[in-house]
Amino acid sequence: MDYAATTPVDPRVVEAMQPYWTEYFGNSASIHGYGRDAAKGLEAARGEVAEVLDCHPSEIVFTANGTEGNNLAIRGVAQAARAAGLGNHIVTSPIEHHAVSHTVEQLCESYGFEMTVVGVDETGLVDPDDVARALRDDTALISVIYASNEVGTVQPVAQIAELARSRDIPFHTDGVQAGGKLDLDVKRLGVDLLTLSAHKFYGPKGAGALYLRRGTVLLPALTGGGHERGHRPGTVNVAGNVGLAKALQLAEADRPSETARLAVLRDRLISGVLSAIPDSRLTGHETQRLADNASFAFKGCEGEALLMALDLVGVAASTGSACSIGDPEPSYVLTAMGLSREWALGSLRLSLGRWSTKEDVDHVLAVLPDAVERTRGLGIP
Ligand SMILES: Cc1ncc(COP(=O)(O)O)c(C=O)c1O
């Protein structure tokens, strides 16, 4: 019940990666044959990713993970805009992953950038009109998450992209939870930058990709050699990127059937939980949500204690609330969606994936009501 945290690597992906550790182990930047063999695999992988995203291979920058992709996109565009005298202002949402929000916050607190955080409604949706109102002449970047990792709400990314385009402002979306689950066609989406991470779609950890639309100006977040067309220096993780490409291809091929299958399980989970547990609510949008995400809030129930109770009965899940000794912090995402502390402390994310079955869902439905009741009995500070 925690596929949104990470996934096992597909055996076909392991097989595709295998030769790049031992046989084609060369440094893809080397001129000699070993290097050329590695570069061939790397460029094939880049082409495969570009095909899924419907972009040119040169627009794919391989990174180490989603965190790095988000950092590169945000720091890179913001700092390039400032260096060119184009602006100092970033527009974002209050439900971003920390890889985005902490990056923007640091740029503001330590480097003199300014930000506007547009609100979300009670389902976690950003209103593109609010984004429009937040734009200024000095806006250098808009960054809004494609699909929420916590509540699964899918944002109107194409609408925001259209708006950004009309104002000539680069638009980045954190697509880490969208890989293999939502349309990644960057032409249809209209985004300028999109972050992916392989371990969320049955690829390896340590491999990510950033789509960077040609013409988008970006200062590298790291300095070093000229790898990845100067955008991301460092000897390239060829095996990892071969794995990322293979995993993305496989996940994209299965996407229609898999999202339909998971949506049925998700809806069984949602209706079962809401009907069995008093003072419970679905969090996130009812229909504009990821097929694999069933997230809830339980009034008067502390999230991390609930996770421990669930772990004891064989259920691995996540919460948006965080515990700092005796003083639990409510989920910032649910707080931004207007939930009170009493509700936002009790968040639970159940996320489904390739090996999830109806039996798994029924096991959760059998054990969750008691786990919530017992956790409620512990009280909240
Ligand atoms: C929406 C979102 N963005 C970014 C990340 C960070 O990705 P990574 O773990 O590959 O650094 C995650 C991971 O949970 C995520 O869900």
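Counting starts at 1 for both ligands and their atoms, following the listed order. The first residue of the sequence shown is numbered 1, and numbering continues consecutively from there.
The pair R12-E15 does not meet the salt-bridge criterion, since no charged nitrogen lies less than 4.0 angstrom from a carboxylate oxygen. The existence of a salt bridge linking R255 and E258 is excluded, since no basic side-chain nitrogen approaches an acidic carboxylate oxygen closer than 4.0 Å.
Of the listed residues (D174, I95, T173), the one carrying the non-hydrogen atom nearest atom 3 (N) of ligand 1 is D174. If you check each of K205, E68, Q177 against atom 16 (O) of ligand 1, the one with the closest non-hydrogen atom is Q177.
Scanning the protein heavy atoms around atom 15 (C) of ligand 1, the nearest turns out to be H97 CD2, 3.3 Å. Annotation: atom 10 (O) of ligand 1 to nearest protein heavy atom, S197 OG, 2.6 Å.
The two residues Y3 and P8 come nearest to each other via the heavy atoms CE2-CD, 4.2 Å. Among all heavy-atom pairs drawn from V151 and M337, the shortest one is CG2-SD, 4.1 Å.
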*asked:* Run H98 and Y332 through ring-ring contact (aromatic ring centres under 6.0 Å, His included) and show every step you take.
replied: CA-CA 10 Å; H98 282 149; Y332 66 92; 4.7 Å; yes
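Listed by number with element, the atoms of ligand 1 under 4.0 angstrom from any heavy atom of G66 are 7 (O), 8 (P), 10 (O), 11 (O). Proximity to H199 (heavy-atom distance under 4.0 Å) selects the following atoms of ligand 1: 8 (P), 9 (O), 10 (O). Near I145, meaning under 4.0 Å from any of its heavy atoms, are these atoms of ligand 1: 1 (C).
In N65, the parts holding a heavy atom less than 4.0 Å from any atom of ligand 1 are both the side chain and the backbone. Contact annotation for T67 and ligand 1: heavy atoms of both the backbone and the side chain come within less than 4.0 Å of the ligand. For N70, every heavy-atom contact with ligand 1 shorter than 4.0 Å involves the side chain, none the backbone.
Partner of T195 under the side chain to side chain donor-acceptor pair (under 3.5 Å) criterion, chosen from N65, N70, N71, D174: N70.
Below 3.5 Å of separation, one finds no N or O of A147 facing any N or O of ligand 1. Looking at N149 next to ligand 1, no N or O pair under 3.5 Å apart turns up.
Contact check for D37 versus F25: no side-chain heavy atoms found under the 4.5 Å cut-off.
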